[in-house]
Amino acid sequence: MLTKEENERLTKVGAGTPMGETMRRYWLPALLSWELPERDCPPVRVRLLGEDLVAFRTTDGEIGLIDEFCPHRGASLWLGRNEENGLRCVYHGWKYDVTGQCVDQMNEPRQFCAKIRVKAYPTFESGGIVWTYMGPKEKQPPLPNFAWTQVPETHREASKVVQACNWLQALEGGIDTSHFTIMHRALRKNSRQPGIEIDSPGVRGRAPTLEVDVTDYGYAYFGIRPMGDGSNYVRGYHFIMPFTQLRPPGPGMNQTHGHYWVPMDDETCMVWNFYASYDKEPLGERSSNSGNGYGTHVDVKNGFRPTRNRSNDWMIDRQMQKTETFTGIDGINQQDRAVQESMGRIVDRTRENLGPADRAVVATRKLLLEAVDTVQRKGDPRGTGSSYYELRAAEAVLRDDIDWRRELLPAMYPQTGGADRSRREPKVLEEAAPPDAGKP
Amino acid sequence: MLTKEENERLTKVGAGTPMGETMRRYWLPALLSWELPERDCPPVRVRLLGEDLVAFRTTDGEIGLIDEFCPHRGASLWLGRNEENGLRCVYHGWKYDVTGQCVDQMNEPRQFCAKIRVKAYPTFESGGIVWTYMGPKEKQPPLPNFAWTQVPETHREASKVVQACNWLQALEGGIDTSHFTIMHRALRKNSRQPGIEIDSPGVRGRAPTLEVDVTDYGYAYFGIRPMGDGSNYVRGYHFIMPFTQLRPPGPGMNQTHGHYWVPMDDETCMVWNFYASYDKEPLGERSSNSGNGYGTHVDVKNGFRPTRNRSNDWMIDRQMQKTETFTGIDGINQQDRAVQESMGRIVDRTRENLGPADRAVVATRKLLLEAVDTVQRKGDPRGTGSSYYELRAAEAVLRDDIDWRRELLPAMYPQTGGADRSRREPKVLEEAAPPDAGKP
Amino acid sequence: MLTKEENERLTKVGAGTPMGETMRRYWLPALLSWELPERDCPPVRVRLLGEDLVAFRTTDGEIGLIDEFCPHRGASLWLGRNEENGLRCVYHGWKYDVTGQCVDQMNEPRQFCAKIRVKAYPTFESGGIVWTYMGPKEKQPPLPNFAWTQVPETHREASKVVQACNWLQALEGGIDTSHFTIMHRALRKNSRQPGIEIDSPGVRGRAPTLEVDVTDYGYAYFGIRPMGDGSNYVRGYHFIMPFTQLRPPGPGMNQTHGHYWVPMDDETCMVWNFYASYDKEPLGERSSNSGNGYGTHVDVKNGFRPTRNRSNDWMIDRQMQKTETFTGIDGINQQDRAVQESMGRIVDRTRENLGPADRAVVATRKLLLEAVDTVQRKGDPRGTGSSYYELRAAEAVLRDDIDWRRELLPAMYPQTGGADRSRREPKVLEEAAPPDAGKP
């Protein structure tokens, strides 16, 4: 449970708000590289942290990301002409380069370009994503070189979809391991619907205990499900500040999957999905099979909006819900989006009742509030270094008497050899035990 | 005419508002029984007095009506699974019974169900309707056993449709007998459009005089239309607090028709229509013929929204309006809805000009404001007893020299033998004479 | 650049606002004559200056323009019956004549019509347009007898289309001559897309110098484009207070074209287009060819809303934009509407950067602010006389050494013989030189 003030502090991301200023201290995924397929191609609208921007790829191949509106009289530069290393407003022909500098004014007999600039943000391409940084220049962190972005293009995939709710409730749904084997399960063997198999360890196991290891980048967390046969099914994740999750792909796969939950504005977020294989084999078709590919789920031409949404009740199929899957909604990610959107655009956290299974949710809020404080005190919040570069997710079914940290950490911290990076921060950990309803 | 403050006092129905608290002292129609066709069928959304609720029929056949949102983290329980005498949230598998008690928490190793409740309201089925009571337990009135609900299922019918305006302007249109023979008339004999026949007593008669007899349940009211031949056409209605009308079905029919105008929220109401026959013969197809059946008028699958609505100008047909019907809009109830919606979501009653023909409207406001005062003074408002159970509506064409009260009251109060139940409350009656423009 | 206060002062037009009261001192185009094609035809909704009105043509041929809502109980009179020299509300049959006087009350046994009036505005038909005046009776200006309305019906044409932004940014786009040969140009010879030919003087010439001659009706203004061959291409326009533009039709044509940008409310305006030929020949099909006819651009049955609009990105064609036209948007007027709507409903003028090419824009704001002041000081603002009746627009390509004013003014002021009517008002002119960024 949060106070009304805390809930606003965590959810509002406009320029000048506490969380807005905090978000502006991190690199953000802005758009997919293929949305700008070639030099001088049409510009693309980008909405980030409540700001309307426009992206374009120049004749020289650079990527500009600038204010959508021309500083002359306010026409949309999205209507503009992308030509000769700049984006030209169609209204009076004023033109801007990737730095935001005005370089031409077709309508003026004596030009005064030098006096005119449009807001522009730096960009960086990696992992098939165009990243941007919207904060103060002197605070720009190292480039967002997540491990998954470093594998060959054949071994990774990224996609995105608009979600009609605040970024934090999407994030809180994502890092919430306890729902995973409940909401996403199939109800019978060999169902043709995507879902977690009823004979999988996750469904067979009991409700998980959660452990959270706070680190300098956020935290590692673990869901431990007793299997009732002297073993535990342990899944190890990372939460990287402020909105990144790395998760294990399923037993026996040498991959990392993950999400970015990026605020478009206070009431809308972009959910990014990524997949990377560390095997020799390319990634193959797996992502589409798991419901994350575009297929029929996302209307790419309509700004990556989902075809299943609140206006059509996420196309829930009540017969399917009786016999095939727990929700009756088609697709794993669609199920997450449906419950999160069903809460309203910004859920009222003053009314919730958390339990021990919500420990990761509580820890996240603590770290986010801490980051806001740090930024307000002119400091550098967690996760603005580069220590998260190496991270991977891992999972295993292990006998009760085995120290699962010792087994999983080497795979989760491959470059630092599995050293436990937990900072043992009792203040965060202790309070992360939910105080609301379910204290054991 | 009302002051701005009075208009708000009468129209706003959220929890904690004066009228909202008053409405919560009565049984309310919540949904049709057939919307929950069988045990363990899918849950149904219900919006009442600004609250979002969800209804479900259990394995044992009971009906639950609870808050739409799970008290754990706020997911919609409408997405839930209705199984084994409870509604289960698909997010983390928390489950609630019809009393709102949490009875399972799939995601918690050590459950704390006893501490968790969701808001729940009692329900009652009668007349093909599921009723609920949303007020304080100790104030719960007798069950809503309207006479029409007591006839066999073959002799009654209920339906509903969403109207895009405040409940009070729908109610004021309904109890407004003077428009009936004007707005709803056909322009020529044997028109194929539904409408009041031009040779009917209502159309042939002159503009009616209104009489209002205030009672303990609301009032009986009478429209007396001089026929110009030494007779009067008298229609006798009941208004039962706070939103019920009983009306006569037309000359020579032993039936009662009626409406409930139930607030969904401040700007939307559900118009309920009901018909009951007191004859030996079943009701037959009459209701559909009079434009109240579903036919093509209501999009049942889209939450009972009307197909003719503001966005399509109620499909007004101007040629039809020239030659067939007064409005050019198809269907009696559709005509009412069109004019009432055309006033805006909440009509500005500071600008109106009432006349003597609006006497019932004025009386209604007096009684509603009185009820609000009564509730604020911790009393029991009119209409919370059971004295309205017996009521029926009646009409007749009677010679001038006949006391029409003596003729109609026995049919309108069949169990108490036609005794005049009017309370002769000069304060209400006197002020019910509209002060605005038309004082004779 | 304006202050926030100035921007609101100029853009808000509701009753009681400074600009709203100023606008109410002029005759306004309300609807097209053909929207009321015959006597007793159906009434038509009109939205003007934030007021909802309804227009009707009576049995005697007069045109009424009255409040949309019946003063009895607020039903929409648009649903009404237009019959026997009055508009009758379908709810209770109250009827109003063109003066707003209530003349019948079907539902009242003893009528009190004399006490009931509905708001009504005077109307005047001219040029195929129904005009109205919404201000104080004693301030009503001479009738709007623009020269173009005085030619035979075969020699003129008027049309209209809704634009989804404030009236002022539509006006500012219209009087902005410098964008004309940039935004509207074709990219190659003989393109099948409408556009200004690349070998036309406007495109071949250099960016124009602007001159503004302030007058008693507003101003005349001139765009002077050096052709680089010892000649100038000079276009002479008029701006008539508060929202009228007359513009030359293109070289060698004896016509005047123009626009009215009329506020429907703060966030929507009606763009009126008109064309008149002063030749012996009728107007012919020219207007349609130039993209202003209805064709497929305007959904007349849907309230004159454009088919190309923000919701479909004005159907921009990026391939067309590469090779055929500067914008890739089909139609000259559609291009204007697209850029103006792209700025948002009310553009933020505190963020703009004006240059010398925006001199007419600056002058307009000066005159509008002056008019607001004049009205507040109980005076009569510019343009409320009749001195604008004679005005026409003109253009020519002229040698450098020719005084273009001497050449153009006789055509622009045909009745007063070309006398220079400029008032040499240094205060307006001087400040009209944009102070923002581009001072030479």
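For the numbers below, each heavy atom of this structure counts, side chains included, while hydrogens, waters and symmetry mates do not.
Using a 4.5 Å heavy-atom threshold, the side chains of B/Glu108 and A/Pro356 count as touching. In this structure the side chain of A/Val339 reaches within 4.5 angstrom of the side chain of B/Leu79, judged on heavy atoms.
The environment of B/Glu125 atom CD is dense: over 12 non-hydrogen atoms of other residues, nucleotides or ligands sit within 6.0 angstrom. The environment of A/Arg405 atom CZ is dense: over 12 non-hydrogen atoms of other residues, nucleotides or ligands sit within 6.0 angstrom. Within 6.0 Å of atom CD in B/Glu84, 12 or fewer heavy atoms from other residues, nucleotides or ligands are found, so the atom counts as exposed in its surroundings.
For a heavy-atom cut-off of 4.5 Å, chain B lies close to A/Ser178, A/His179, A/Ile182, A/Met183, A/Arg185 in residues 177-186 of chain A.
Counting heavy-atom pairs closer than 4.5 Å to chain B, the top residue among A/Gln321, A/Gln340, A/Arg349 is A/Gln321. Interface remark: of the candidates B/Phe69, B/Trp94, B/Tyr91, B/Tyr91 forms the most heavy-atom pairs closer than 4.5 Å to chain A. With chain B as the partner, the residue from A/Lys322, A/Arg225, A/Glu341, A/Gln335 showing the most heavy-atom pairs under 4.5 Å is A/Lys322.
Listed for the A/Ser342 side chain is a donor-acceptor partner under 3.5 Å among the backbone atoms of B/Ser76. The main-chain N or O of A/Glu172 is found under 3.5 Å from a side-chain atom of B/Arg73 such that the two form a donor-acceptor pair.
Using a 4.5 Å cut-off between heavy atoms, A/Asp176 contacts chain B through its side chain alone, with no backbone atom that close. Using a 4.5 Å cut-off between heavy atoms, A/Val347 touches chain B through its side chain atoms alone. Using a 4.5 Å cut-off between heavy atoms, B/Cys70 makes no contact with chain A at all. Residue contact with chain B, scored on non-hydrogen atoms closer than 4.5 Å, is absent for A/Leu210. Looking at B/Asp67, only its side chain comes within 4.5 Å of chain A, counting heavy atoms on both sides. For B/Asn82, the part sitting under 4.5 Å from any heavy atom of chain A is the backbone (N, CA, C, O) and nothing else. In this structure, chain B has no heavy atom under 4.5 Å from any part of A/Arg206. Both the backbone and the side chain of A/Pro208 have a heavy atom closer than 4.5 Å to some heavy atom of chain B.
A cation-pi contact links A/Arg318 to B/Trp78, judged by a cut-off of 6.0 Å to the six-membered ring centre and 45° from its axis.
B/Arg81 approaches A/Phe326 most closely through the heavy-atom pair NH1-O, 2.9 Å.
When only modelled atom types and interatomic distance are considered, A/Asp358 and B/His92 share no side-chain donor-acceptor pair under 3.5 Å.
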